[in-house]
Undergrad: 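Here it is: the structure, laid out below.
Because the structure is a prediction, the values reported are computed rather than measured.
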Amino acid sequence: NPHHWQQELHIVNRSVMIKNKTSDDDLPRYDKISEIPEMDHVCTLKNDMVLHLGKKSTELNLTIIIPKTQERSASGDLTINKIVKDRISDPDAIKSIIEYYRKKALPDSKKAK
């Protein structure tokens, strides 16, 4: 889903909840699974009320998913092209950004800070 680039977290009574962003692309899955709820529990904050990153039940576990280029993707895969086109409306900017991600040596493209 190209709308997953931005996550929306809600904190209610120390419970960290994530808003599930679905689209029409999710509809075929409902033949096999139950409908995705609007909100899901992610973790519970400790008494310090700080959102810690990690793998425990009181920590937020993040997984960074790197989309494929158009050339490496299969039909229906989420690609850099789809994400960029969903976020940017200027055709010249879209072309420039997609060209940037086609470069072979992008040492910083997979770093998180």
Undergrad: Side-chain heavy atoms under 4.5 Å apart, restricted to Ile/Leu/Val/Met/Phe/Trp/Tyr: what other residues fall into the cluster of V50, or is it alone?
TA: none
Undergrad: Less than 4.5 Å apart, side chain to side chain, heavy atoms only: is that true for Y30 and T22?
TA: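 Yes. Closest side-chain heavy atoms under 4.5 Å.
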Undergrad: The criterion is side-chain contact (heavy atoms from CB on, under 4.5 Å); which residues satisfy it with R14, sequence neighbours excluded?
TA: T44, L45, N47, M49
Undergrad: Look at the side-chain heavy atoms of Ile, Leu, Val, Met, Phe, Trp and Tyr, link any pair under 4.5 Å apart, and say whether V42 and L53 land in one connected group.
TA: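 Yes: a chain of side-chain contacts under 4.5 Å links V42 to L53.
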Undergrad: From L51 CG over to K46 NZ, what is the distance, rounded to the nearest 0.5 angstrom?
TA: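 One gets 11.5 Å once the value is rounded to the nearest 0.5 Å.
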Undergrad: Would the number of heavy atoms belonging to other residues, nucleotides or ligands and lying under 6.0 Å from CD of E38 be above 12?
TA: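 No, the 6.0 Å shell around CD holds no more than 12 heavy atoms from other groups.
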Undergrad: Kindly give the heavy-atom pair with the smallest separation between I88 and A93, and that separation in Å.
TA: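 Minimum heavy-atom separation between I88 and A93: CG2-CB, 4.0 Å.
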Undergrad: Out of curiosity, N81 CG to I97 CD1, how far, rounded to the nearest 0.5 Å?
TA: 11.0 Å
Undergrad: Roughly how far, to the nearest 0.5 Å, is CZ of R29 from CD1 of I36?
TA: 4.0 Å
Undergrad: Running the 4.5 Å side-chain criterion over Ile, Leu, Val, Met, Phe, Trp and Tyr, what cluster does M39 land in, apart from itself?
TA: M17
Undergrad: Checking D40 side chain against I18 main chain: does a donor-acceptor pair fall under 3.5 Å?
TA: no
Undergrad: Closer than 3.5 angstrom, by distance alone: can the side chain of E99 be matched with the main-chain N or O of K95 as a donor-acceptor pair?
TA: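 No, because the side chain of E99 does not come within donor-acceptor range (under 3.5 Å) of the backbone of K95.
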Undergrad: Check the pair N61 / C43 against side-chain contact (heavy atoms from CB on, under 4.5 Å), numbers first and verdict last.
TA: CA-CA 9 Å; N61 184 3; C43 62; over 6 Å; no
Undergrad: Walk me through whether T58 and H52 qualify under side-chain contact (heavy atoms from CB on, under 4.5 Å).
TA: CA-CA 7 Å; T58 55; H52 296 276; over 6 Å; no
